[in-house]
Chemist: 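Next up is a structure, given as structure tokens.
Here is how names work: the chains are called A, B, and so on, in the same order as the sequence lines, proteins then strands, and each is numbered from 1.
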Amino acid sequence: MHVTLEVWRQPGPDTAGRFVTYPVDDVSPDMSFLELFDVLNEQLIKAGDEPIAFDHDCREGICGSCSMMINGRAHGPERGTATCQLHMRKFSDGAHITVEPWRAAAFPVIKDLCVDRAAFDRIIEAGGYITAPTGGARDANEILVPKSAADAAMDAAACIGCGACVAACPNGAAQLFTSAKIQHLNLLPQGQPERWERVINMVDEMERWFGSCTNHGECEAACPKDISLDFIALMNRDYVKAQFKQRRLAGQRR
Amino acid sequence: MTDPLLEAKIPPGPIAGKWDEHKFAVKLVNPANRRKFKIVVVGSGLAGASAAATLGELGYEVTMITFHDSPRRAHSIAAQGGINAAKNYRNDGDSIYRLFYDTVKGGDYRSREANVYRLAQLSVNIIDQCVAQGVPFAREYGGLLDNRSFGGAQVSRTFYARGQTGQQLLLGAYQALMRQVHLGNVRLYPRTEMLDLVVHEGRAVGVVTRDLITGDVTSHAGHAVVLATGGYGNVFYLSTNAKNSNVTAIWRAHRRGALMANPCYTQIHPTCIPASDDFQSKLTLMSESLRNDGRIWVPQRPGDERPADQIPENDRDYFLERRYPAFGNLVPRDVASRAAKREVDAEHGVGPLRNGVYLDFSEPISRLGRDVIEERYGNLFQMYERITGEDPYVVPMRIYPAVHYTMGGLWVDYNLMSTIPGLYVLGEANFSDHGANRLGASALMQGLADGYYVLPATISDYLAPLLGTDPCPTDHQVFADAEAEVGERVRALLSAKGTHSVDHFHRELGKILWEDCGMERSEASLEKALAEIPALREEFHKNVRVLGDGESLNQSLEKAGRVADFLEFGELMCRDALHREESCGGHFRVEHQTEDGEALRDDEHFAYVAAWEYTGDDANPRLHREPLEFEAAHLAQRSYK
Amino acid sequence: MTRLDETLSTEDQREDADAADRLLRSTGPPVPPTKRAVPFPLQFWRSGIGKKWAMAVSGIVLLGYVFAHMVGNLKVFLGRHQINTYGAWLRTLGEPAFPRTVVLWGLRTAVIAAFFIHIVAAYQLTRMNRRARPVRYQSKRDYVAANYASRTMRWTGVIIGLFVIFHLMDLTWGTANPHFVRGDPYDNLFYSFDQVPVAVAYIVANIALGIHIFHGAWSMFQSLGWNNPRYNRWRRWFASAFAGVIIVGNVSMPLLITTGAVTR
């Protein structure tokens, strides 16, 4: 196969970037999209050009490092697939592929295709946990968790924090990420004591960085873990409930 | 004959009481005094994140350093199958003693008995802790936790969260860590790579780091340093490890005086997707749990070109079930891997490059139904299809072994302290509790046991006498010298301006090691590798091409530093493999095998931990031995027949 | 309002930050909120989700209004007497418990308030979203799930807003309608729709309204958190049906009158 890549090159956070075109020959259909970049980088090094910086690590679709806007879609054309798991067999011979970094105010470009996604950590910091210091836990089977609740929590918890939802959202909103994290914990019995505080704190933190949801559904379509839009509805409901609730009587602050 | 350097500090008394005994014996730090101690934790995987979170909860002032953009990206996240715990929820005869015994036996009697017993004891608490944190383990309809059985075990003791157990456990630890970050007990430095350990007056006092975005070389000081930087499987270039996993942190600590134990023990995982071509950047592992239902076979006739569905039952060789009737497809990883290699070497391999064996689900699908199989392995099947373009519900999967886990690492005592006082090593980075071979679903268990329970309980013993002292200031000469050395190394890599990329050298190194120090090793192959690696290393420093500068994000530069350390480490690995004149677990010497090709241990001469001391760039490393004594689990030849 | 621009610096902004703190990027305790806490309803309004909730609730009021308005106006096809009686009834609604037009004004107030809330929230959310992505994508986006309706909400909204002003001037105040006779909606309607440009404006605006409702009537379920597998698949159906009914009902009047299919 032969493909033509048009890649966003930007030397640093404060410098201007531009698209640069690179033709790549001898592309095998079994190659992953990141392996295509490996090959291209080898070529660049040979030619004395600085290789393209891109985030990647596990290359198994679970660490959430890889982050490329491929032909206008977050993680490219294959549904439910991270960039690292996208293979060249999904492209036709002679394809023209444009690759751009995630774009959002909260995801500033570091270099080329690398962006800083620390804002996600801040959202988790604001309440994306269950307070359970080591050592105090009771026997694991003491609290029963209905299978359906555990499965639903797992559906939400599958989020890999890659930021594709933000990248794909026309509003630059992080509702899918935040709702997945909130609902993972809010659906479990262990998460109930902090439920209302959690949703308020995490949503407030999210809105300091990201846009708002207008229910386009682009996030769901881009999510490499197929996380459902339903979690956003559940988050909205929890947030509104929390606003109207007498939280002190629920054992929670304010 | 105990080496004075290798004082294991195993507590006295019967094995079941050692840990309680020890917890009582260690010195404690008063809660009000804990905030006066600074601890530097490097690495944010299961061991590092859980340790930093727990130390923060206890009240210590923790610095967390990770080269990832977020702690959640650490490679623990990729573990799929599950985590063992001796809960005996299945009522199938499991117990702490059985888990302990299985681990020692699975590790081919090359692990420290007391550590393993403690690991088995703590496994129970880990599950409780993780459930309390909200880890969504699989449940049964009644709401109780579900279990599955896992390679090498005859009981169902593995807890799992779909095929993403590592991810869920890491997220649990990461969330606990972020809570501590929020509370101000832990300071988090993402995209910051540790490039050297600083030792002052014989104690570990801090680390030198490079900010991966700005290139700034700075130091972090603490009363103690904790390394939880994972394994070195990437020394083989192609492995199932994440691309950025590396040996640098522990190798630098080794060069500063920490002993490296058993570096030759590498685990080859039997169920990986075979490489499809030369440009392959890494191998993808599929959970070993697939072996619970899948049946492994190859065509009877060498070079059989027929597609799998046209090969009748009679022409198939279910070689694991044939050779090991009791355990069948569930034999330990090393046994399964070597058996597969033997079949492929004997021309029975399948797939376009004839480099795999079949893992077939047609029988379980017809017995249990597609839905059950989908429920159990759905995401693995999806992953396989995405990578290979073949539908495993219809066509049998093709699998082949790949490097997956490294049992060796820095030597630590019962407290997890290395031979440098104040330097603690956790998780895969230490030489650990797995002996010569790790059982499935035990890595997650060990990382969390070390981080949540062992280190927080033992570190006070070292810190208590230091009360009232400040950590060595980072403007001290010893830090300045270390920073200068790091700066010099970085400059040297940038100024080589050679002709070949870093990956080129890494690939060459990987080829040497996989051929000569991989699944099977011989004296000749190891001698060959020992001759080739130094030459390659020299070539690397002369001829590597690292473009860009050191003042901004430069991924080639990061890689170059890591490969430079792999090139040094690889040599030690071969040296260790050469000296260990026996076969055990993940170390298989062709000279030492039984008549039917099984590993032949030599307990008389090699029942020890080989710990290597760095003596200089041009000098041979010095070997120290920690003898292993087995009081509870008696030495026996492994047999999975 | 959110203060995205102020908090985007990822460096530790505490005054007592020491050297080690300054090395921290986007970590450490979050930058303390610069906003003062305000009483409950305002606090809720401040959040994006609160505004979306307000948009959904006001949207329901407006949907109800649009539907009732359409049902009332369709009486034009039943003849002058029917629609003029209906118009008169609206003014006397609630009598004798309430004085004349009081209930009508009550309803009008609710609709005006809903309009106001809907528009202000939309405006503020749009600004928030713009700030969340100051640098747009430099290559062409390929939308997968976002449809024409969802991506044009703010434009269909603006069209509807402008149309409402024209509509009021045309048929309520009569300032844009030289033949306007107060209290005679039947004739007013025919005078208006006899002019082709006016009829076209009505048709275009009502199609925009239908498109707006197609997304809005679905989206409100999400914003309110009404999500249940039992009825989830009906949400789309409801939105499509509602939009369809409104388009058919409201477009039928100008279309049939201006083409002469229906005459006085």
Chemist: What part of B:L283 gets closer than 4.5 Å to chain A, counting heavy atoms only: side chain, backbone, both or neither?
Modeler: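 The backbone, not the side chain.
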
Chemist: Which of these passes side-chain hydrogen bond (donor to acceptor under 3.5 Å, both in side chains) with B:K282: A:E60, A:E35, A:H56?
Modeler: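 Only one option passes, and that is A:E60.
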
Chemist: Tell me, for B:S556 versus chain A, whether the close heavy atoms (under 4.5 Å) come from the side chain, the backbone, both or neither.
Modeler: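 Contact with chain A: side chain only.
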
Chemist: Which atoms of B:S70 come close to chain A, meaning under 4.5 Å heavy atom to heavy atom: side chain ones, backbone ones, both, or neither?
Modeler: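 Looking at B:S70, backbone and side chain both touch chain A.
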
Chemist: Is it the side chain or the backbone of A:T131 that comes within 4.5 Å of chain B heavy atoms, both, or neither?
Modeler: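 Looking at A:T131, backbone and side chain both touch chain B.
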
Chemist: So, applying side chain to side chain contact (heavy atoms under 4.5 Å, CB included) with B:Q555, which one of A:D112, A:D55, A:N41, A:I52 is it?
Modeler: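 That would be A:D55.
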
Chemist: Quick check on B:F137 against chain A: is it the side chain, the backbone, both or neither that has a heavy atom closer than 4.5 Å?
Modeler: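 Only the backbone of B:F137 comes within 4.5 Å of chain A.
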
Chemist: Do NZ/NE/NH1/NH2 and the carboxylate oxygens of B:K87 and A:D139 come within less than 4.0 Å?
Modeler: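 Counted as a salt bridge, because a side-chain N and a carboxylate O are separated by less than 4.0 Å.
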
Chemist: Under a 4.5 Å heavy-atom cut-off, does chain A meet the side chain of B:T388, its backbone, both or neither?
Modeler: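 Backbone only.
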
Chemist: Heavy-atom cut-off 4.5 Å, strictly under: side chain, backbone, both or neither for A:V145 against chain B?
Modeler: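 Both parts, backbone and side chain.
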
Chemist: Strictly below 4.0 Å, N to O, side chains only: are A:D204 and A:R208 in salt-bridge contact?
Modeler: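 Not counted as a salt bridge, because no side-chain N and carboxylate O are separated by less than 4.0 Å.
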
Chemist: A:R198 and side chain to side chain contact (heavy atoms under 4.5 Å, CB included): which single residue from A:D238, A:V203, A:I130 fits?
Modeler: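 Result: among A:D238, A:V203, A:I130, A:I130 is the only option passing the side chain to side chain contact (heavy atoms under 4.5 Å, CB included) with A:R198.
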
Chemist: For the residue pair A:F210 and A:F120, does the interplanar ring angle fall in the parallel (under 30°), tilted (30 to 60°) or perpendicular (over 60°) class?
Modeler: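 It falls in the tilted class, 30° to 60°.
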
Chemist: Identify which part of A:R89 has an atom lying under 4.5 Å from any heavy atom of chain B, answering side chain, backbone, both or neither.
Modeler: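 For A:R89, the side chain is the part near chain B, not the backbone.
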
Chemist: Tell me, out of A:L144, A:I62, A:N141, A:L188, who's got the most heavy-atom pairs with chain B below 4.5 Å.
Modeler: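 Highest number of heavy-atom pairs under 4.5 Å: A:N141.
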
Chemist: Against chain B, label A:D155 side chain, backbone, both or neither, depending on which of its atoms sit under 4.5 Å from a heavy atom there.
Modeler: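 Contact with chain B is through both the backbone and side chain of A:D155.
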
Chemist: Chain A heavy atoms under 4.5 Å from B:E375: which part of the residue, side chain, backbone, both or neither?
Modeler: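 For B:E375, side-chain heavy atoms alone lie under 4.5 Å from chain A.
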
Chemist: For A:L34, which atoms come within 4.5 Å of any heavy atom of chain B: side chain, backbone, both, or neither?
Modeler: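 Contact with chain B is absent: no heavy atom of A:L34 under 4.5 Å.
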
